[in-house]
Amino acid sequence: MKFVTAFSLFLAIQSVSSLPIALQNSESEPVKKFLRLNTYKAAASSSAKRLVRRQNEDATQTLDNTDDQAYYIDLEIGSNKQKVTAQLDTGSSDFFVFGSTEANCGDASKADCSTYGKFDASSSTTFKNLTGVTLDASYGSGAGAEGYVGSDDIDLDGTIVSNVTFGVTTSADTVAPLIGVGYQSLSSMRYNNSQYKNDGFPFALADAGVINIPSYSISLMDHDETDEVNSTVTFGAYDTTRFVGSLYKMPIPHQEGKSTNRIGTILNGISITSGDSSNETLKWIAKGSQFVQLDTGSSLSNMPVDAYDYIGKTYFGSQDSSSTYHGSCDSIKNHTLYFNFLGMAYPVPLTTLTSTYNGDDSQCQFDAVPSYSGTMCILGDNFLKNVYLVVDLKNNEVALGSSVGVDNAATASPNFVEIIGSIPNAVNAPNFDSAWTYNNTDTLSLVDGLN
Ligand SMILES: *[C@@H]1O[C@H](CO)[C@@H](O)[C@H](O)[C@H]1NC(C)=O
Ligand SMILES: *[C@@H]1O[C@H](CO)[C@@H](O)[C@H](O)[C@H]1NC(C)=O
Ligand SMILES: *[C@@H]1O[C@H](CO)[C@@H](O)[C@H](O)[C@H]1NC(C)=O
Ligand SMILES: *[C@@H]1O[C@H](CO)[C@@H](O)[C@H](O)[C@H]1NC(C)=O
Ligand SMILES: *[C@@H]1O[C@H](CO)[C@@H](O)[C@H](O)[C@H]1NC(C)=O
Ligand SMILES: *[C@@H]1O[C@H](CO)[C@@H](O)[C@H](O)[C@H]1NC(C)=O
Ligand SMILES: *[C@@H]1O[C@H](CO)[C@@H](O)[C@H](O)[C@H]1NC(C)=O
């Protein structure tokens, strides 16, 4: 009541002194808080090797991006707007760029400074050195980055965000600069011999008031086929033109000290369609429950080894001496995998997990990567092209929509839904609550009778 009274009084005063302005203000739409950036896909230079962090908690195999593709964002840093490029990475929380004193700039296989740019901290009057904080990232296979840490203003396509913390490399090895948007519990920064956690990038945007809560949505396009539509990351909102049907919410089973500190959710099964489009039948390949990471920083995707072998043998048919499955693209075209997350199944045309085999356009090779440990699987770019991914780091939830069958022309007029308290208009996946019984030793198993 108190509020209503005060507010009415305010309006009354306004109406006497400056009615036109008051009316104009109340009628104009509030400004939506979000930031959309185009990300572009480019062949990762040989230096952008991937980058799956080894952790005691869940030792995982490294997926190399070598010879493959990654998604990049252009940034302008500092008072003098130095242009640099970084790879969008949901698989880490590391944000770093190559420094002007980067020792390996001369060797593009280690640090490709001519492609990604260099940042000269000493020439930016707004750079603040966080003295004593160091960057100390290591990604297995010898890849990593070392350097110092500071903060500066960052211009993201015209939106200037002040005081963002990031690393500046002095010695990078086989990596591209990253803009990590995962949890800070993965931070590779150190202070006084301990992990240093800053406000990670999505949190920095929320702190700066650019967005409401630390959240973002990602739409990856296959630029080989659809050059006219950009891949995008939208912080603080999602775009309804980039998926079909509804968004379904799923927990990220994330709790400090327990479960995962990675962006992902629970996969309960993989099935496949057979037959022609007039009479498709769906067959289960693997079922169970396991955590899968949704990682834009990996080009390829894992699959439990027995499911991988079954699909390879049954739907590709041939395996060469280096264990690569391949087969006729024409027959592979007729099959769609469905990835079932907590009761919601998302189509993944089998061809999206393939590339041309041996330079022969009629032959497709299977590009999934078998996971032998089984317990931790990564779904990278070739999977993520098929879904619209919304991440809410405040409530520890993801929402997935299907992007198979999106009308590319419609994306030219985006329709943004601002993420305020949580992801709006997203329904809980049918088995939403079962995510919390997540056990990191659980895996998917091949269904009985298949081998
Ligand atoms: C920032 O501080 C670190 C020590 O923490 C130092 O090694 C580095 O050179 C400094 N960078 C600049 C640009 O002053
Ligand atoms: C800038 O960020 C640093 C590190 O997050 C923080 O300690 C400092 O207070 C911030 N400064 C301003 C002016 O916001
Ligand atoms: C560094 O860590 C040591 C041991 O944990 C602690 O005693 C000391 O106060 C810390 N120093 C600073 C500057 O934080
Ligand atoms: C795609 O992104 C580029 C670079 O940001 C931009 O110049 C271009 O206009 C974008 N295209 C569309 C269709 O939005
Ligand atoms: C694939 O599906 C098409 C149309 O549904 C059908 O005509 C064709 O025979 C199928 N090809 C194979 C190899 O099954
Ligand atoms: C559809 O395919 C299934 C399995 O291949 C078969 O048993 C069934 O008779 C087919 N139905 C029609 C209408 O063709
Ligand atoms: C996880 O599952 C394994 C095997 O089923 C079981 O031995 C273990 O106790 C479970 N751990 C938790 C924390 O539930």
Side-chain angles (χ1 to χ4, degrees), residues 47-48 51 53-57 72-87 89 92-108 110-139 142-156 159-201 203-205 207-208 255-258 261:
S47 67
L51 293 190
R53 205 145 173 245
R54 284 179 195 281
Q55 292 257 130
N56 306 334
E57 174 207 337
Y72 297 96
I73 294 177
D74 291 333
L75 312 164
E76 292 180 16
I77 305 188
S79 57
N80 50 355
K81 300 202 186 290
Q82 300 177 46
K83 289 186 199 316
V84 295
T85 297
Q87 186 187 340
D89 187 14
S92 79
S93 63
D94 297 330
F95 180 10
F96 65 85
V97 297
F98 292 147
S100 56
T101 60
E102 169 55 52
N104 291 323
C105 274
D107 180 351
K110 290 188 165 181
D112 190 349
C113 300
S114 62
T115 299
Y116 303 116
K118 291 190 286 187
F119 175 66
D120 178 5
S122 62
S123 74
S124 169
T125 57
T126 41
F127 182 80
K128 291 188 223 77
N129 201 343
L130 288 171
T131 309
V133 183
T134 57
L135 173 71
D136 185 10
S138 98
Y139 302 106
E146 286 172 20
Y148 57 90
V149 172
S151 66
D152 207 338
D153 300 346
I154 300 197
D155 185 334
L156 297 151
T159 299
I160 295 163
V161 189
S162 305
N163 198 33
V164 180
T165 301
F166 57 93
V168 182
T169 69
T170 51
S171 172
D173 195 349
T174 339
V175 291
L178 295 181
I179 183 156
V181 289
Y183 289 107
Q184 274 294 308
S185 40
L186 287 173
S187 171
S188 298
M189 292 176 186
R190 300 189 67 76
Y191 177 70
N192 191 22
N193 292 320
S194 306
Q195 187 184 40
Y196 176 82
K197 296 184 194 173
N198 65 74
D199 252 5
F201 187 70
F203 292 86
L205 293 180
D207 291 348
Q255 288 163 308
E256 288 289 334
K258 186 177 173 262
N261 49 16

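Residues take their numbers from the sequence shown, with the count starting at 1. First listed ligand is number 1; within each ligand, the first listed atom is number 1.
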Inset, instruction - Would you mind listing which atoms of ligand 1 come within a distance below 4.0 Å of any non-hydrogen atom of T131? - result: 5 (O)
Legend entry - Enumerated ligand 1 atoms positioned under 4.0 Å from heavy atoms of A121: 13 (C)
Give every pair formed by an N or O atom of ligand 3 and a protein N or O atom closer than 3.5 Å, one pair per line with both atom names and the distance to 0.1 Å, or write none.
unit_1, atom_1, unit_2, atom_2, d
ligand 3, 2 (O), N192, OD1, 3.4
ligand 3, 2 (O), N192, ND2, 2.3
ligand 3, 11 (N), N192, ND2, 2.8
ligand 3, 14 (O), N192, ND2, 3.3

Quick one: does [X]'s side chain get under 4.5 Å of [Y]'s, heavy atoms only?
{"X": "L75", "Y": "I179", "result": "yes"}
{"X": "V168", "Y": "L135", "result": "no"}
{"X": "L205", "Y": "T159", "result": "no"}
{"X": "V84", "Y": "Y116", "result": "no"}

Inset, instruction - For the pair F166 and F119, name the ring-plane relationship: parallel under 30°, tilted 30 to 60°, perpendicular over 60°. - result: perpendicular
Inset, instruction - Output the distance between atom CD (Q184) and atom CG (N198), rounded to the nearest 0.5 Å. - result: 4.0 Å
Legend entry - Nitrogen or oxygen of S122 less than 3.5 angstrom from that of ligand 1: no
Legend entry - Residues D89, D94; criterion side-chain contact (heavy atoms from CB on, under 4.5 Å); working and verdict: CA-CA 8 Å; D89 187 14; D94 297 330; over 6 Å; no
